Amino acid sequence: MPTAARSAASSSFTSSSSALTSPQGGRPADQREKRASAHKRGRRRLAAWAAIDPEARWAREWDRAYLLACAAGLMVDPLFLYAVSLSGPLMCVFVDGWFAATVTALRCMVDAVHAWNLLMRLRMAFAPDQDEETEEDADEQEGTKLQGSNDGVGGAALPAQLPRSKRGGLFLDLFVVLPVMQVVTWVGIPAMIRAGSTTSVMTVLMVAFLFEYLPKIYHSFRFLRRMQNVSGYIFGTIWWGIALNLMAYFVAAHAVGACWYLLGVQRATKCLREQLCDGRGGCAATALACARPLYYSGTTAGAGAVGADRLDWASNASARATCLDSGDNYEYGVYKWTVMLVANPSWLEKILLPIFWGLMTLSTFGNLASTTEWSEIVFNIVTITGGLILVTMLIGNIKVFLNATTSKKQAMHTRLRGVEWWMKRKNLPQSFRHRVRQYERQRWAATRGVDECRIVRDLPEGLRRDIKYHLCLDLVRQVPLFQHMDDLVLENICDRVKSLVFPKGEVVTNH
């Protein structure tokens, strides 16, 4: 009895101790399960937030709209170069405030489209793959154990990281949104004009423009190639391809013309500085800088508020005749036509003439008068070389597009001529000839010269069976005999179905 009592007591003690320790031992397991479930719910929320199908129709339409927005951005950025101008009455350098504000507003609209596209790219980049979700659902128990071990080490799940293969494209998307030209136009250029660095203003603005514009060109070209690799086409029609090539040529002419205008303003400023230094025997740092770097009117109003030295310089008829009235009295070189624009208050004339000059220069490959200044020679070399490349690509691409448009029609006309010659040689009746012509027309209207059977036949066997099953299943199930058959039989039937065209009124026979 004492032994039995001791054994019973020990057993009761053991059970009570186990009952006491089990809740304490179960708490870490419950916490691990809760953390694992919370982590899984977080992944699912991320997948729901980032649920963007790149193959969806609206996604493809957005890509096309974004490509046009990139082209619009390439048209907007060169407009910043026209903000710098010369005052005709005062012969000083200033920034057209209203023009700069208008271009900045346009640039903000384009940047908003870039920002929205960047957000969509981030959502697609952070979206978990379907394979990863399947593995998580299949190995839920193992994932719980791993989560428990991680909790013992660090206690928190690792944050989501951007895949390395997608970082370069997203960084480039972020770079094109940076307000480089806005900061330079509104902050840097006015500060330099106040300091009297009038000739360096154009150099800084040109460097900032190229620093932001060249990566934008690469970004647009990269996005265009990505669309072609994904879908094989962009807008689906040949004429859109021709339009895109002409648009690229026009954008190049616009950018070259804007650079030509800015360099012409720099050459005119250099001419005025030489006239100032020769006339006074000394060069004042702020003589060619307007009193107010930003003017919000077509002309530099408020001339009466300037000092006597500026008014004395504004009355220098010799400098005005040499630098602003005509381009024949100074070595302007290739910038001779810019004399009509540097002090012109008309925005439309200031933009259209450089575009015309850019189109003319890129199309004629030269015929440019040049001085011996190295920057002008480099500009001419780059312009002529770029024009040669662009015209060659434009002609080649348009030729390819036109050949793709007309080749199938030419093949159809060749086939029809051969059929007509054969019917005439065999002396077929007119009724037979009419039926043959009707068949050829309907076959062309149905296939547009594309041999569907040959395309499907050249595919791998598994892919061929899947495509034919997808195309023919609904058609086969319309036959009452095949409505209640299983999928395997229907798949074999679809694999043997052939696409044929029969004109209206023909008798269909089965062998």
Side-chain angles (χ1 to χ4, degrees), residues 79-103 185 189-190 192-202 205-206 257-280 283-357:
L79 296 177
F80 281 102
L81 304 184
Y82 295 102
V84 179
S85 183
L86 285 175
S87 170
L90 299 179
M91 293 191 293
C92 60
V93 181
F94 71 101
V95 176
D96 192 342
W98 285 119
F99 186 84
T102 304
V103 178
T185 303
I189 300 303
M192 295 183 66
I193 292 177
R194 292 189 188 95
S197 302
T198 52
T199 54
S200 301
V201 165
M202 297 75 179
L205 188 59
M206 179 67 71
C259 296
W260 171 73
Y261 166 80
L262 185 66
L263 294 175
V265 175
Q266 187 179 36
R267 183 61 59 86
T269 306
K270 180 181 177 181
C271 175
L272 291 175
R273 181 171 292 277
E274 291 179 358
Q275 294 296 318
L276 176 65
C277 296
D278 293 341
R280 294 185 177 182
C283 301
T286 58
L288 296 180
C290 292
R292 289 185 296 170
L294 284 170
Y295 279 96
Y296 292 92
S297 61
T299 59
T300 52
V306 298
D309 294 340
R310 295 181 185 275
L311 293 178
D312 182 43
W313 163 246
S315 61
N316 191 333
S318 176
R320 188 184 304 276
T322 303
C323 302
L324 299 181
D325 291 345
S326 175
D328 298 329
N329 300 325
Y330 187 76
E331 293 183 356
Y332 275 97
V334 73
Y335 313 119
K336 183 178 180 179
W337 286 8
T338 59
V339 178
M340 300 180 291
L341 303 175
V342 293
N344 193 340
S346 175
W347 295 358
L348 188 61
E349 296 176 3
K350 190 180 292 186
I351 295 174
L352 289 181
L353 184 59
I355 292 177
F356 167 73
W357 184 89

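Just so you know, these numbers come straight off a predicted model, no measurement behind them. Along the sequence shown, residues carry numbers from 1.
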(request) Looking only at non-hydrogen atoms, find the nearest pair between Pro354 and Ala258 and report the distance. (result) CB-N, 4.3 Å

(request) Locate the shortest heavy-atom distance separating Ser87 from Leu90; write the atom from each residue and the value. (result) OG-N, 3.2 Å

(request) Return the minimal non-hydrogen interatomic distance between Leu263 and Tyr335, and the atom names on each side. (result) CD1-OH, 3.3 Å

(request) Evaluate side chain to side chain contact (heavy atoms under 4.5 Å, CB included) for Trp347 paired with Thr102, printing each intermediate quantity in order. (result) CA-CA 11 Å; Trp347 295 358; Thr102 304; 4.0 Å; yes

(message) Once side chain to side chain donor-acceptor pair (under 3.5 Å) is applied, do any residues pair with Glu331, and if so which ones, sequence neighbours excluded?
(response) none

(request) Report yes if some heavy atom in the side chain of Ile193 is under 4.5 Å from a heavy atom in the side chain of Cys290; otherwise report no. (result) no

(request) Please assess Asn316 against Gln275 for the test side chain to side chain contact (heavy atoms under 4.5 Å, CB included), listing each intermediate value before the final yes or no. (result) CA-CA 9 Å; Asn316 191 333; Gln275 294 296 318; 5.6 Å; no

(request) Return the minimal non-hydrogen interatomic distance between Leu81 and Leu205, and the atom names on each side. (result) CD2-CG, 3.7 Å

(message) Show the nearest heavy-atom pair for residues Phe99 and Leu79, with the distance to one decimal.
(response) CE2-O, 3.0 Å

(request) Assign the ring pair Trp260 / Trp357 to parallel, tilted or perpendicular, where the plane angle (0 to 90°) is split at 30° and 60°. (result) parallel

(message) Once rounded to the nearest 0.5 Å, what's the spacing between atom OG1 of Thr338 and atom CG of Asn344?
(response) 12.0 Å

(request) Say whether, by atom type as modelled, one donor and one acceptor occur between the side chain of Tyr332 and the main chain of Cys323 under 3.5 angstrom. (result) yes

(message) Side chains of Val93 and Met202, heavy atoms from C-beta outward: is any pair under 4.5 Å?
(response) yes

(request) For the residue pair Ser85 and Tyr295, establish whether any side-chain heavy-atom pair is separated by less than 4.5 Å. (result) no

(message) In the structure I gave you, are the side-chain heavy atoms of Thr269 and Leu86 within less than 4.5 Å of one another anywhere?
(response) yes

(message) Within this structure, what is the OH-OH distance for the pair Tyr82 and Tyr261, rounded to the nearest 0.5 Å?
(response) 8.5 Å

(request) Without swapping roles, check the side chain of Ser200 against the backbone of Ser197 for a donor-acceptor pair under 3.5 Å. (result) no

(message) With a 3.5 Å distance limit and no angle check, can you tell me whether Arg320 reaches the backbone of Pro89 through a side-chain donor-acceptor pair?
(response) yes

(message) When you compare the side chain of Gln266 with that of Val201, does any pair of heavy atoms fall below 4.5 Å?
(response) no

(message) With a 4.5 Å cut-off on side-chain heavy atoms, are Leu272 and Thr198 touching?
(response) no

(message) As an exercise, state the distance from CG of Leu352 to CD of Glu349, rounded to the nearest 0.5 Å.
(response) 8.5 Å

(request) Not counting sequence neighbours, which residues clear salt bridge (Lys or Arg N to Asp or Glu O under 4.0 Å) with Lys270? List them please. (result) Glu373

(request) Grab the two heavy atoms, one from Ala100 and one from Val95, that are nearest each other, plus how far apart they are. (result) CB-CG1, 4.5 Å

(request) Please examine the side chains of Arg267 and Tyr330, heavy atoms only from C-beta on, and report whether any two atoms are closer than 4.5 Å. (result) yes

(message) Is the shortest side-chain heavy-atom distance between Pro293 and Ile189 below 4.5 Å?
(response) no

